Amino acid sequence: MVDAIVAGRIGGAGLDVYSVEPLAKSGHPMSALFSRDNVILFPHLTFFTQEAMRRLEEDALARCFEILDGRPVTVRSFDPRLRAQTAGVSFG
């Protein structure tokens, strides 16, 4: 991808996950992207907002109450590995 961006075969990129972390301005496989006007590099914590953290806390607490009450645990993910579960879960 780096070569394709530098060569102009890809118009641009916005990234927040890297094959080697942490991302570094030198000595990193993607270092050449730092100086590009058509590339945006974010830390992997881009989701980290007050609203996102509040939802995460509320969801985690709700799952705890489900377990304590002996109810099935709600799985909100569409990940097939999680969806393959058959006991003690419900899908929301």
Side-chain angles (χ1 to χ4, degrees):
M1 182 186 70
V2 173
D3 292 341
I5 288 173
V6 171
R9 292 190 311 269
I10 295 177
L15 307 168
D16 77 338
V17 178
Y18 312 99
S19 60
V20 177
E21 295 203 24
L23 186 60
K25 286 188 175 182
S26 63
H28 189 279
M30 301 182 93
S31 295
L33 299 181
F34 270 95
S35 62
R36 313 270 326 162
D37 289 336
N38 59 341
V39 176
I40 299 173
L41 303 171
F42 291 105
H44 192 56
L45 296 176
T46 304
F47 79 96
F48 193 75
T49 64
Q50 288 180 347
E51 295 83 5
M53 294 313 297
R54 187 175 314 112
R55 281 193 309 271
L56 182 60
E57 291 168 0
E58 290 170 357
D59 252 10
L61 190 56
R63 301 301 72 79
C64 290
F65 282 122
E66 289 170 353
I67 292 167
L68 291 171
D69 292 342
R71 293 182 282 143
V73 176
T74 303
V75 175
R76 296 189 188 279
S77 172
F78 291 102
D79 184 314
R81 295 167 295 185
L82 297 175
R83 291 276 172 171
Q85 298 177 89
T86 57
V89 296
S90 66
F91 300 98

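Predicted model only: the values in this text are computed from it and were never measured.
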To the nearest 0.5 Å, how far apart are CZ in R63 and CD1 in I67?
-> 9.0 Å
Hey, does the side chain of Q85 reach the backbone of L82 with a donor-acceptor pair shorter than 3.5 angstrom?
-> yes
Residues 73-82 vs side chain to side chain donor-acceptor pair (under 3.5 Å), sequence neighbours excluded, gives E66-T74, D79-R81
Minimum heavy-atom distance L15-L33, with the two atoms named = CD1-CD1, 4.1 Å
Just wondering, are more than 12 heavy atoms of other shown residues or ligands nearer than 6.0 Å to CD1 in I40?
-> no
Identify whether V2 and I10 are in the same connected component of the hydrophobic contact network (ILVMFWY, side-chain heavy atoms under 4.5 Å).
-> yes
Using residues 21-30 as the side-chain source, report each donor-acceptor pair under 3.5 Å to any protein atom, sequence neighbours left out, with the distance given to one decimal.
from : atom 1 : to  : atom 2 : distance (Å)
E21  : OE2    : Y18 : N      : 3.2
H28  : ND1    : M30 : N      : 2.9
H28  : NE2    : V20 : O      : 2.6

Across all chains, not counting sequence neighbours, the side chain to side chain contact (heavy atoms under 4.5 Å, CB included) partners of R83 are F78, F91
Are there more than 12 heavy atoms of other residues, nucleotides or ligands under 6.0 Å from atom CD of E51?
-> yes
Might you point out which heavy atoms bring P72 and V89 nearest each other, and give the distance in Å?
-> CB-C, 3.7 Å
Return yes if some donor-acceptor pair links the side-chain N/O of N38 with the main-chain N/O of G11 below 3.5 Å, else return no.
-> yes
